[in-house]
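Just follow the structure's listing: the first ligand is 1, and inside any ligand the first atom is 1. Since we're looking at a predicted model, the values are computed, not measured. The figures here come from the full heavy-atom set of this structure, side chains too, leaving out hydrogens, waters and symmetry mates. Residues take their numbers from the sequence shown, with the count starting at 1.
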Amino acid sequence: MTKPNPFEVVQRQLDKCAKIIKLEPGVLAILRTPMRELHVSFPVRLDDGSVKVFQGFRVQYNDARGPAKGGIRFHPDETIDTVRALAAWMTWKCALLDLPLGGGKGGVVCNPKQMSEGELERLSRAYIREIYQFVGPTRDVPAPDVYTNPKIMAWMMDEYSKITGQHQRGVITGKPVCIGGSHGRADATARGGMFTIREATKELGIDLSKATVAIQGYGNAGFYAACLIETLFGSKVLAVSDSRGGVYNKDGILPQAVCDYKVTTSSVINYPGSKPISNEKLLELDVDILIPAALENVITKNNAPKIKAKIVAELANGPTTPEADEILYQKGIHVIPDFLCNAGGVTVSYFEMVQNFYMYSWDEDMVYERLDKKMTSAYHAVLETARKLNINMRQAAYVVAVERVVEAMKLRGWI
Ligand code: NAD
């Protein structure tokens, strides 16, 4: 079955929002297209002495509210349309969290799992050499995303600093703390999601200490979500998965132990004391909270009728197709939409930019407190709008975010 093009999904979501807020056609046309995009091809020498050409992208979707902000993915299936979609979601996400930032995204078509550390470093530095004129601390600030991490951010910051002849910590976020990263960045996406889940359960009358959870994806977002939902709220994680499959235990799994196991075996599958479960079946488990934390388009019109969770907390970007969204809404499932649920990462990235600009470091408690405030206030802005206009949470998130972007474009005199 062919998966929907994520950029077409973005445009359809935006079109729905435009109808609700009666957006002028010309303004909608601006928002349906990225403002700028850069396509690059660059050579990297591999360990066997051969040279391979890689393709990369950087998209600045809309920067009316401030410098573009968004991660860099290293993925074999990366396409320009995925990067455009993710850059659009970053635009709405930054606006929804009321950050003074626009939306951007980058990616390189590569398979990091088949590359040595040396090859990855050469690729990361080469990509930055190609895009350095396009990015910068006051222009466009990348961050980690799928299959990129703080070490890669450090190489990229170092390469950019060398090219420009200045220490440029603020060019990229998600760095290791000792070279300008923020405390609390590592688990920020999941922690931010936890604050929205907490607010949603208050609303739905779910006792989090008795709640059951299934999580698809066990990388940065999924792993920390599993740990935090257990340690902060006492909820029980029944199933987790990664690209190779999943594991299930009706009495709960131990998130940290599964992570330790994955470090040694490179997957969660066959974790002792658990039963295997496919990624598809995991989504259909009878749990209170389902957290998709891997890739796009995993909840579709085919499996949406079988979803039993009361809350779908979208830590992944774009896990639910528009058709599936409608089905979940009709079933009364409370969806915390991606660009609200996973906004903790960019929020702490923004805190990292602020700390880099004034060369100071906040402690963890300060980061958590400010993150909680931002996420809680964004959640309630969305909930209130959903109630007021009688629309679902995703449409409400679009309404809040798009109205803010449009206001910025108007005030700047673009429209
Ligand atoms: P990651 O690379 O750390 O982890 C991705 C995980 O997904 C891995 O466990 C991988 O095995 C798993 N996976 C890959 N393909 C899969 C498949 N077909 N089925 C099931 N699992 C699969 O990436 P991440 O940073 O955790 O990002 C995950 C999602 O969260 C992405 O959609 C990303 O855009 C989103 N997100 C991440 C951040 C962040 O700060 N890391 C912020 C916002 C949104």
Side-chain angles (χ1 to χ4, degrees), residues 3 6 69-78 82-83 85-90 92-94 96-97 103 105-107 111-113 142-153 172-175 181-182 184-193 196 214-227 239-247 255 258-259 261-263 265-269 277-283 290-299 303 313-320 336-352 371 375:
K3 298 230 164 173
K69 185 89 193 77
I72 296 168
R73 280 186 174 193
F74 286 176
H75 199 279
D77 301 331
E78 196 62 281
T82 311
V83 180
L86 292 163
W89 281 317
M90 285 304 296
W92 320 138
K93 192 186 300 190
C94 291
L96 182 61
L97 270 287
K105 206 79 180 187
N111 190 347
K113 287 183 182 173
D145 200 290
V146 175
Y147 298 148
T148 55
N149 55 35
K151 191 189 264 183
I152 291 175
M153 298 304 111
I172 208 155
T173 58
K175 301 178 293 290
S182 176
R185 177 63 182 86
D187 68 8
T189 300
R191 189 177 292 272
T196 64
I215 302 176
Q216 184 186 63
Y218 216 55
N220 176 291
F223 160 63
Y224 283 118
C227 293
V240 299
S241 69
D242 59 28
S243 57
R244 291 169 60 191
V247 289
V258 176
C259 176
Y261 174 80
K262 183 175 158 83
V263 168
T265 64
S266 80
S267 175
V268 300
I269 57 169
I277 185 165
S278 67
N279 267 300
E280 293 72 35
K281 286 283 171 233
L282 178 143
L283 295 171
L290 172 65
I291 307 184
L295 298 177
E296 311 78 48
N297 296 327
V298 291
I299 304 179
N303 62 0
E314 296 181 339
L315 277 185
N317 280 308
T320 309
I336 308 176
D338 49 7
F339 67 85
L340 168 61
C341 190
N342 68 28
V346 71
T347 303
V348 176
S349 268
Y350 162 64
F351 295 162
E352 184 173 330
L371 176 63
M375 297 299 302

In terms of heavy-atom contacts, Pro142 and Ile72 come closest through CB-CD1, 3.5 Å

Using the side-chain contact (heavy atoms from CB on, under 4.5 Å) rule, take Leu86 and Val83 through it: C-alpha gap first, then chi angles, then the decisive distance, then the call. CA-CA 5 Å; Leu86 292 163; Val83 180; 5.6 Å; no

- Query: ligand 1 and Asn220, any nitrogen or oxygen pair closer than 3.5 angstrom?
  - Reply: yes

Rounded to the nearest 0.5 Å, the CH2 atom of Trp89 sits from the CG atom of Leu96 at a distance of 15.0 Å

Taking only non-hydrogen atoms of Asn279 and a 4.0 Å limit, the atoms of ligand 1 in range are 19 (N), 20 (C)

Just distances here: any N/O of Lys113 and N/O of ligand 1 closer than 3.5 Å?
-> no

Closest non-hydrogen contact found for Ile336 with Leu340 is CG2-CD2, 4.0 Å

To the nearest 0.5 Å, atom CD of Gln216 lies from atom CG of Leu283 at 4.5 Å

Out of Ser349, Ala294, Pro319, the nearest non-hydrogen contact to atom 29 (C) of ligand 1 is supplied by Ala294

So the atoms of ligand 1 within less than 4.0 Å of a heavy atom of Leu315 turn out to be 30 (O), 35 (C), 36 (N), 44 (C)

d(Lys69 NZ, Ile172 CD1) to nearest 0.5 Å is 7.5 Å

* To do: Quick one: sort the Tyr147 and His75 rings into parallel, tilted or perpendicular, breaks at 30° and 60°.
  => parallel

Ligand 1 to Asp145, heavy atom cutoff 4.0 Å, flagged ligand atoms 33 (C), 34 (O)

Taking only non-hydrogen atoms of Arg185, do any sit less than 4.0 angstrom from ligand 1?
yes

Original post:
Okay, side chain of Ser182, backbone of Arg185: is any donor-acceptor separation there less than 3.5 Å?
Top reply: no

Filtering Ser243, Gly318, Ala143 for the heavy atom nearest atom 13 (N) of ligand 1 leaves Ser243

Among non-hydrogen protein atoms, atom 40 (O) of ligand 1 lies closest to Thr189 OG1, 2.6 Å

When rounded to the nearest 0.5 Å, the distance separating CD of Glu314 from OG1 of Thr320 is 3.5 Å

re atom 34 (O) of ligand 1, the protein heavy-atom contact at minimum distance is Asn317 ND2, 2.8 Å

Asn279 (side chain) donor-acceptor with Asp242 (main chain) under 3.5 angstrom = yes

So for Glu314 against ligand 1, with non-hydrogen atoms under 4.0 Å, the contacting part is neither

In this structure, atom 26 (O) of ligand 1 is nearest to the protein heavy atom Ala221 N, 2.8 Å

Out of Thr347, Asn342, Ile215, the nearest non-hydrogen contact to atom 43 (C) of ligand 1 is supplied by Asn342

Numbered in order shown, the ligand 1 atoms found under 4.0 Å of a heavy atom of Gly219 are 1 (P), 3 (O), 4 (O), 6 (C), 8 (C), 9 (O), 26 (O)

Per-atom filter on ligand 1: closer than 4.0 angstrom to a heavy atom of Tyr147 are 2 (O), 10 (C), 14 (C)

Rounded to the nearest 0.5 angstrom, the CG-OG1 distance for Leu315 and Thr196 is 7.5 Å

Query raised in the report: Contact between Ala293 and ligand 1, counting heavy atoms under 4.0 Å?
Result: yes

Look only at the side chain of Thr347 and the backbone of Ala343, and say whether a donor-acceptor pair between them is shorter than 3.5 Å. yes

| Heavy atom of Arg73 under 4.0 Å from ligand 1? | yes

A student comparing Thr173, Leu295, Asp77, Val146 should find that the heavy atom closest to atom 15 (N) of ligand 1 comes from Leu295

Among non-hydrogen protein atoms, atom 9 (O) of ligand 1 lies closest to Tyr218 N, 2.9 Å

d(Ile291 CD1, Ile215 CD1) to nearest 0.5 Å is 4.5 Å

Honestly, for Glu296 the part within reach of ligand 1 (heavy atoms, under 4.0 Å) is neither

Ligand 1 atoms nearer than 4.0 angstrom to some heavy atom of Asp242 are 9 (O), 11 (O), 20 (C), 21 (N), 22 (C)

